[in-house]
K.L.:
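Input: one structure, supplied below.
Quantities reported herein were computed from a predicted structural model and do not represent experimental measurements. Each ligand, and each atom within it, is numbered from 1 in the order the structure gives.
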Amino acid sequence: MTGDTALLNRLKELKEEKNAYILAHNYQIDEVQDAADYVGDSFELSKLAANTEADVIVFCGVHFMAESAKILAPEKTVILPDVMAGCPLADMADPKGVREMKEKHPQAAVACYINTAAAVKAECDVCVTSSNAVKIIDTYPAEEFIFLPDKNLAHFVSTKTNKKIIPWEGYCITHHRVTGEEAKKARESIPDALLMVHPECKPEVVEQADEVLGTGGMIRFARESQQKKFLVGTELGLIYRLKKENPDKEFYLLSAGMLCPNMKLTNLEKMVSSLENLSPSIEVPEDIRVKAKIALDRMLEYS
Ligand code: 13P
């Protein structure tokens, strides 16, 4: 267990006092992952947020994740320990732009990645995460989709389905910065490692991968695989969990630049102070929440 003992004890007390449940994304820092009740990918965390009986959810992740929890569980207090923890990818899509795109493609359904703001989800038909995007696009009753905001995930989905995908021009800074050349060099430097990459990586990186998976998929794959060495093409935080759960295996980050500063903003101290004050709490205007919930409910239904 990492982290300061006094802070961990205080967190435990506060959790009981407030009937709180701590969710942490796989990219969070070590001490946050260790202190959480559940560590998981975007989809697992939304499902848990929708079903928990706690009164308070402490969401250790980024803003759109806490917002999705609030949309699904409006009666609960949802706290984001550092309100500055945003997502540059989510910020690349805006409701007006989505409406304009819908006007250009009136026949298309609109699928949004969970990495979007509530007001964007409110304009969309169905939400997806990296773990269920292909399945949802394949089963949702439409032949054509506007897909936003990640163009790399949109491209990956388009290679796995016969449906028409119209991509939005967004990308995750952390994943998009890795080049095909870097991936090739990394493979050459550890030739006996298996390469797993997140579908937010560029197509030139995805093409070289042995497995293309979301963070939860990587955790499961590494656990079940007979392979001993893995090159991991996603954010640094996942390496901690992979190593912790598979002490007999070796994990190498695909590129040193794969670090999301927003995911590193939360720490034990901020978790304690946010739980003491029940702030910063996430609020979503009710008209937007109701519309955004339709897209999230459909994701849960079609997954
Ligand atoms: P996962 O759903 O795979 O955890 O991905 C979340 C994310 O934001 C990737 O950058």
K.L.:
If I compare all heavy atoms of V205 with all of L254, which pair ends up nearest, and what's the gap?
P.N.:
CG1-CD2, 4.0 Å
K.L.:
Short list, please: which atoms of ligand 1 are under 4.0 Å from a heavy atom of G214?
P.N.:
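Answer, ordered by atom number: 3 (O).
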K.L.:
Out of E200, H25, E44, who is nearest to atom 10 (O) of ligand 1 when you count heavy atoms only?
P.N.:
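Minimum heavy-atom distance to atom 10 (O) of ligand 1 goes to E200.
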K.L.:
Non-hydrogen atoms of N115 versus ligand 1: any pair closer than 4.0 Å?
P.N.:
yes
K.L.:
In terms of atom number and element, which parts of ligand 1 are under 4.0 angstrom from non-hydrogen atoms of S130?
P.N.:
1 (P), 2 (O), 3 (O)
K.L.:
Can you check whether A222's main-chain N or O pairs, donor with acceptor, with S225's side chain at less than 3.5 Å?
P.N.:
no
K.L.:
Suppose the criterion is ring-ring contact (aromatic ring centres under 6.0 Å, His included): which pairs have a residue in residues 189-224, not counting sequence neighbours?
P.N.:
H175-H198
K.L.:
Would you say H175 touches ligand 1, if touching means a heavy atom closer than 4.0 Å?
P.N.:
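Distance cut 4.0 Å: H175 passes for ligand 1.
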K.L.:
Any pair with a residue in residues 16-34 that passes salt bridge (charged side-chain N to carboxylate O under 4.0 Å, His left out), sequence neighbours left out, goes on the list, sorted by first then second residue, please.
P.N.:
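Listed by first then second residue: D34-K244.
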K.L.:
Between E13 and R10, does at least one N-O distance fall below 4.0 Å, as a salt bridge requires?
P.N.:
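Yes.
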K.L.:
Indicate yes or no for a side-chain donor-acceptor contact from E200 to the backbone of C172 under 3.5 Å, with no hydrogens or angles considered.
P.N.:
no
K.L.:
Counting non-hydrogen protein atoms only, what is the nearest one to atom 5 (O) of ligand 1? Give residue, atom name and distance.
P.N.:
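Checked against all protein heavy atoms, atom 5 (O) of ligand 1 sits closest to H198 NE2, 3.3 Å.
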K.L.:
Measure the distance from atom 2 (O) of ligand 1 to every protein heavy atom, then report the residue, atom name and distance (to 0.1 Å) of the closest one.
P.N.:
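Going atom by atom, the protein heavy atom closest to atom 2 (O) of ligand 1 ends up being S42 OG, 2.7 Å.
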